[in-house]
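Step one of this worksheet: look at the structure below.
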Amino acid sequence: MSLRTILKSWVERYFSDEEALILLVVLIAGFAAVIWFGRMLAPFFTALVIAFLLQGVVGALTRRGIPHLLSVIVVFLGFVSVLLALAFILLPLIWDQLIGLVQETPRMFASGQNWLDELQSRYPNLITPDQMQNWIGVASREISQLGQRALTLSLASLGNLLSLIIYLVLVPILVFFMLKDREALVGFTLSLLPQKRALMARIWHEMDDQIANYIRGKFIEIIIVGTVSFITFSFFQLPYTALLAVLVGFSVLVPYIGAAVVTLPVAAVAGFHFGLSESFVYVLVAYGVIQALDGNVLAPVLFSETNNIHPVSVIVAVLFFGGIWGFWGVFFAIPLATLLKALVHAWPRGMKGREEQHHALASEESL
């Protein structure tokens with residue numbers, strides 16, 4: 001069988017259905033728009049994510065008999081209050097602690113060097129002088145690069161401040177109108193799509209609740225893990241508590257990888273502050289317990305309705321989408337992987353596949 005015959009058979013199997021071709025074009029156009037215009041549309045995408053978070057609260061208030069507009073106003077005022085608290089209370093505190101940590105990094109590096117010297121003197125056969133010099137050289141280069149990044153960040157602070165002001169103004173306005181005029185906006189979006197979109201509707205119904213539940217669940221997970229970490233680090237009187245708690249909270253965005261990466265700053269700060277003492281071990285044990293409870297108790301409870309995806313697929317999705325879209329790619333890695341899984345499962349496969357799809361859609365519409 002020739003290559004041309006194989007390709008023709010493959011195309012007829014997967015793209016002979018009209019709806020499949022329409023869906024393929026919509027997907028390509030959507031991904032292209034995000035890749036090319038994602039940076040300039042970042043406030044819109046941010047507002048869209050926040051609206052997903054708040055829509056569940058608006059819906060809950062509406063089901064209790066509260067008018068839709070009043071529900072939107074109440075939820076929006078709560079959102080603005082939280083946003084202002086983050087902007088004027090939490091962010092300045094984290095920024096001050098970050099500056100203090102950067103300034104104290106040379107002292108931490110010197111302390112680590114002394115610890116290596118002591119370790120090498122105790123175990124000369126385990127750690128050679130050449131190995132120690134290599135470690136010190138690598139650490140010195142990292143410290144130098146960190147200083148350069150800090151200088152670049154300070155020089156670009158004016159642009160970052162302007163972007164922050166734009167976000168603080170545009171995002172709340174977009175969120176309010178997305179909540180207030182949700183039905184109209186959804187109707188307008190549907191009017192732009194082809195009339196024959198049963199396959200797209202089926203995939204959207206499968207994904208809508210899962211994406212919304214994932215975003216809300218991940219937000220709740222960040223709040224819980226960050227708060228518990230803050231209380232735990234405060235109990236041990238660890239410095240830079242707010243900064244480390246925020247890092248631990250956001251580490252849940254990257255499954256399996258985030259916890260391992262954030263372990264380094266937590267261990268470095270605890271080791272510099274407590275030395276190799278019992279308190280240092282207690283901090284690491286407490287941090288390990290937090291991560292274990294998050295992975296084995298909290299996450300399964302919050303995401304019980306989300307499709308199970310193999311850990312290898314999750315890591316590949318995080319690496320791929322994170323490389324394309326940065327933070328938002330990491331945040332949406334699991335929903336996008338779930339979308340791809342739903343597409344593979346629902347995609348028509350030849351005449352038999354089309355008949356099965358039509359029967360399934362007819363059954364759903366009858367319900």
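Side-chain heavy atoms closer than 4.5 Å link hydrophobic residues (I, L, V, M, F, W, Y) into clusters, and following such links, possibly through other members, connects Val82 to Ile94. Under the 4.5 Å side-chain heavy-atom criterion for Ile, Leu, Val, Met, Phe, Trp and Tyr, Phe233 and Leu93 are members of distinct hydrophobic clusters. The same ILVMFWY cluster, assembled from side-chain heavy atoms under 4.5 Å apart, contains both Met178 and Val49. Both Val80 and Leu54 belong to a common hydrophobic cluster when Ile, Leu, Val, Met, Phe, Trp and Tyr are linked at side-chain heavy-atom distances under 4.5 angstrom. Residues Val169 and Phe88 share a hydrophobic cluster, clusters being chains of Ile/Leu/Val/Met/Phe/Trp/Tyr side chains in contact below 4.5 Å.
Using a 4.5 Å heavy-atom threshold, the side chains of Ile66 and Thr62 count as separate. For the pair Phe235/Ile231, no side-chain contact is recorded, criterion being any heavy-atom separation below 4.5 Å from C-beta on. At a threshold of 4.5 Å between non-hydrogen side-chain atoms, the residues Ser229 and Leu244 do not count as touching. At least one side-chain heavy atom of Pro172 sits less than 4.5 Å from a side-chain heavy atom of Leu83. You'll find the side chain of Val248 reaches within 4.5 Å of the side chain of Gln291, heavy atoms only.
Looking at every heavy atom in both residues, Leu86 comes nearest to Pro92 through O-CD, 4.3 Å. Counting all heavy atoms, side chain and backbone alike, Gln237 lies closest to Phe274 at O-CZ, 4.4 Å. Here the shortest heavy-atom pairing between Ala245 and Gly226 reads CB-O, 3.5 Å. Between Thr232 and Ala286, the shortest heavy-atom contact is CG2-CB, 3.7 Å. Here the closest heavy-atom approach between residue Ala51 and residue Leu179 is recorded as O-CD2, 3.9 Å. Counting all heavy atoms, side chain and backbone alike, Lys218 lies closest to Val252 at NZ-O, 3.0 Å.
Put simply, the residue from Ile220, Ile222, Thr227 that forms a side chain to side chain contact (heavy atoms under 4.5 Å, CB included) with Ile224 is Ile220.
A donor-acceptor pair under 3.5 Å links the side-chain atoms of Thr241 to the main chain of Leu238, judged by distance alone. The backbone N or O of Ile290 lies less than 3.5 Å from no partner atom in the side chain of Asp294, so there is not a single donor-acceptor pair. Counting only distance, with no hydrogens or angles, the side chain of Gln97 and the backbone of Ala242 share a donor-acceptor pair below 3.5 Å. Distance alone, capped at 3.5 Å, places no donor-acceptor pair between the Lys180 side chain and the Val175 backbone.
For the atom pair NE2 (His68) and CD (Glu183), the distance works out to 7.5 Å, reported to the nearest 0.5 Å. The OG atom of Ser71 lies 15.0 Å from the CZ atom of Phe76; values are rounded to the nearest 0.5 Å. Interatomic distance, OH of Tyr240 versus CG of Leu247, reported as 13.0 Å (0.5 Å rounding). Between atom CG of residue Leu284 and atom CZ of residue Phe280 there is a gap of 4.0 Å, rounded to the nearest 0.5 Å.
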Would you please test Val75 and Leu61 for side chain to side chain contact (heavy atoms under 4.5 Å, CB included) and show each step? CA-CA 9 Å; Val75 173; Leu61 294 177; 3.7 Å; yes
Given Phe236 and His273, is the side chain to side chain contact (heavy atoms under 4.5 Å, CB included) satisfied, shown in steps? CA-CA 11 Å; Phe236 289 106; His273 184 68; over 6 Å; no
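In this structure, Phe177 places its CZ atom where only 12 or fewer heavy-atom neighbours from other residues, nucleotides or ligands lie under 6.0 Å away.
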